[in-house]
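To start, the structure under review is shown below, and the notes come after it.
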2 protein chains.
Amino acid sequence: MIGKKNATIVDVAKEAGVSVATVSRVVNGNYPVKPETKVAVSAAIEKLHYVPNVQARELNQRRSTTIGVVVPSLYNMFFAEVIDGIEAAVRKDKYSLLLNCAQNDPEQEQACIKALVARNVAGLIVISPNTQNMQEDFYKQLAERTPLVFINGYHEIPGASYVSNDEAGGMRTALTSLWKLGHNRILMVRGSHSDSYEVKEKVYRSFMEEQGVLDENLILDIGEGNSVETVDNTADYLLAKLPEVRPTAVCCCNDLMAVGALNACKLLDLEVPRDVSVMGFDNVSLSRYVAPKLTTMDQNMFQLGESAASLVVEKIRFGRNKKIVLGNMLIERDSVAEAHER
Amino acid sequence: MIGKKNATIVDVAKEAGVSVATVSRVVNGNYPVKPETKVAVSAAIEKLHYVPNVQARELNQRRSTTIGVVVPSLYNMFFAEVIDGIEAAVRKDKYSLLLNCAQNDPEQEQACIKALVARNVAGLIVISPNTQNMQEDFYKQLAERTPLVFINGYHEIPGASYVSNDEAGGMRTALTSLWKLGHNRILMVRGSHSDSYEVKEKVYRSFMEEQGVLDENLILDIGEGNSVETVDNTADYLLAKLPEVRPTAVCCCNDLMAVGALNACKLLDLEVPRDVSVMGFDNVSLSRYVAPKLTTMDQNMFQLGESAASLVVEKIRFGRNKKIVLGNMLIERDSVAEAHER
DNA sequence: ATGAAAGCGCTAACAG
DNA sequence: CTGTTAGCGCTTTCAT
């Protein structure tokens, strides 16, 4: 490395003609220091561009002010918006954010977390954890030593905190609203490897059973639900599925899939919502920009992130774990209408 | 904090009945260790769930394996996709990523960077730096002590590395293609506070001057270009501007603005591209999902991120700074067509 | 092949 | 009010 070496507290002490303890005191302002020495020290700090080494400080104090975040993907705006919320909240509490992307891969998810733990994070937030990892002992072990909060994770891990939207309730609301509009053949589109999909499918099944119309053919798993290809994959699947099962409505587990559904309909010359209704989930910004605008369940991502941040901090400071379930709301726009015969 | 205390190297040494040096050696595998002791140590590590403390290691070695990233906003998918590229590349080199969001605020941008420096990052990547900060001494000072790379930053800072798309070239290509289609009243839509906009406006001006049709009324600054409100703000501005200046085409500095333009046209009953053409910039995923699909300049965000990562690493390891300019390509979709009288 | 010890940059008693 | 010192968890000579 080229470049000037960073000044240390010792350099500053020498420059100012005081001890390192005094420098530390003026930096932290936690003990009285005579005004004139403070001035001298400040001058030295200024002159040498001294920046305290947080790593050293935290090592000494046996604490940490960084929190680790693991996302399955950055592709879905859902995650970006959640991260935004986390970042904003965490900043207020003077923590920094170490971000890792698991790329929808359970092993990489574990690797990310190990790396984060090695970096001595004060706590960990995992967004939409991989189902498989939740079933193994992995997270159980982890929760014993590191404050851990899941966003939209549903397996019970002792000691972990949770924040989620009421996805089950949201799904039921979505389904109910569709049903009331006369839709009796509702195709559910889901993805793989996340608990959220399981939760939603379960609600779908019980709702449909209640109505006495559960049809296994009306559940479609399009695979990875948060990748660059999700929209196009969904459209591809639906190109075959739609003519085959002729649903009156398509109820999707996220907005990416819903946009894929929109595109498939366009290709099949089905007009949305006249010929078929499309329901989204999440209410990412994208849902307002497509045509027709998506009717979708809002997940309030920013708040999801904020809440998660406050829960890690609470766990870090007081050892308390908690569960927060945020309500969600149906955003009615233009992709859902009354069912028609066709 | 509740929870078990993390084991340290000392605990492991005791458990295995060896010295800390030996434990260090088996952890790092950098010195010969007798097989049986290695086994004993490994067992102790396993038993105590020992994870080496990276902070302590790095303090000792006076190095760092974390790199800091500053984005102005997470709202525009442009940034998410760039971060994705950085994350993937950085991971390969065993670095971790400390993410900070400046929320489009120059002061917060500085605060982010200071926090990152205090955390002893090995290097820094700043995406779309704030124009104002680039003009002050701030980055100049910084570059003297910390490896620094800008993504789409244009002020010359000695010692910094740069990666950008050829935004000037891209703008010219976009304009040329519009011009060839007969558009002679091209409204340019830009944002504030980023060098990118300046670069593009400059190209716009000289291009229009060359054609002898430069009209100050045809340059519109919609303010913040990467916020939640960008799309709607743009639409609002355009609702007034479009009837007033009656352009044949709208050339936008990013896709968010272009989507806003699309929405404004819809509201004004202008059909795109029949009545007016809309040109985007970036080619974020969004641009494929709106209707009509955006014709736009691809910026290849992932590669932008990857390249930036490789440049920081190069600067960290060898002290070399470099400039990379990636080419970009016009993606012709459905929002641009020949100019019509109207 | 292994241990003892110094020291990375910092804070926090403790002693003046 | 200020200086001295121990030690955070780790790596790395230097001995053995």
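Values reported hereafter were calculated over all heavy atoms of this structure, with side chains retained and with hydrogens, waters and symmetry mates removed.
Of the candidate nucleotides dC10(D), dT11(C), dG3(C), dT11(C) has the atom lying nearest to any side-chain atom of Asn28(A). Relative to the side chain of Lys34(B), the nucleotides dC10(D), dC10(C), dA1(C) differ in distance, and dA1(C) lies closest. Here the nucleotide nearest the side chain of Asn30(A), chosen from dG3(C), dA12(C), dT12(D), is dA12(C). Between dT5(D), dC10(C), dT2(D), one nucleotide has an atom nearer to the side chain of Val20(A) than all others, and that is dT5(D). Considering only the side chain of Thr37(B), dT2(C) comes nearest among dC8(D), dG3(D), dT2(C). Distance from the side chain of Thr22(B) is smallest for dG3(C) among the nucleotides dC8(C), dC10(C), dG3(C). Among the nucleotides dA1(C), dC8(D), dT12(D), the one closest to any side-chain atom of Asn60(A) is dC8(D). Considering only the side chain of Leu59(A), dG9(C) comes nearest among dG9(C), dA4(C), dC1(D). Considering only the side chain of Pro32(B), dA1(C) comes nearest among dC8(C), dA1(C), dT11(D). For Ala21(B), the listed nucleotide lying nearest its side chain is dG3(C); candidates were dG3(C), dA13(C), dC10(D).
Summarising the geometry, the separation between NZ on Lys14(B) and C1' on dT2(C) is reported as 18 Å, rounded to the nearest angstrom. One interatomic measurement links the two molecules: CZ of Arg119(B) to P of dG9(C), which rounds to 18 Å at whole-angstrom precision. Spacing between atom CD of Gln55(B) and atom P of dG7(D) amounts to 21 Å, rounded to whole angstrom units. The OH-C1' distance, from Tyr50(A) to dT11(C), rounds to 10 Å in whole Å. Between the P atom of dC8(D) and the CG atom of Asn53(B) lies a distance of 12 Å, rounded to the nearest Å. To the nearest angstrom, P of dG9(C) lies 20 Å from CZ of Arg63(A). For the pair Asn6(B) CG and dC8(D) C1', the computed distance is 14 Å after rounding to whole Å. A straight line from CG of Asp11(A) to C1' of dC10(C) spans 13 Å, rounded to a whole angstrom.
Nearest-nucleotide assignment on DNA chain D puts the 5′-proximal partner with Ala56(B), out of Arg25(B) and Ala56(B). Closest-nucleotide positions on DNA chain C for Val18(B) and Gln61(B) were compared, and the one nearer the 5' end corresponds to Val18(B).
Base contact: Ser24(B) has a heavy atom under 4.0 Å from a base atom.
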Practice task
In sequence, state the C-alpha distance, the side-chain angles, and the governing distance for Asp195(B) and Phe150(B), and then conclude on side chain to side chain contact (heavy atoms under 4.5 Å, CB included).
Solution key: CA-CA 11 Å; Asp195(B) 286 350; Phe150(B) 292 107; over 6 Å; no

Practice task
Starting from the C-alpha separation in whole Å, work towards a yes-or-no answer on salt bridge (charged side-chain N to carboxylate O under 4.0 Å, His left out) for Lys323(A) and Glu156(A).
Solution key: CA-CA 11 Å; Lys323(A) 225 170 257 201; Glu156(A) 196 60 46; 2.9 Å; yes

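Summarising the geometry of Ala143(B) relative to Gly159(B), their closest heavy-atom pair is CB-C, 4.4 Å, with the distance given to 0.1 Å.
Between Tyr31(B) and dC14(D) there is no side-chain N or O to OP1 or OP2 distance below 4.0 Å.
A side-chain contact (heavy atoms from CB on, under 4.5 Å) with Leu48(A) is found for one member of Asn6(A), Thr8(A), Asp11(A) and no other, namely Asp11(A). Of the listed residues (Leu98(A), Asn53(A), Thr65(A), Val51(A)), just one forms a side-chain contact (heavy atoms from CB on, under 4.5 Å) with Arg119(B), and that residue is Thr65(A).
Residue-to-nucleotide contacts include no donor-acceptor pair under 3.5 Å from the side chain of Arg62(A) to the base of dG7(D).
With a 4.5 Å cut-off on side-chain heavy atoms, Leu124(A) and Ile67(A) do not count as touching.
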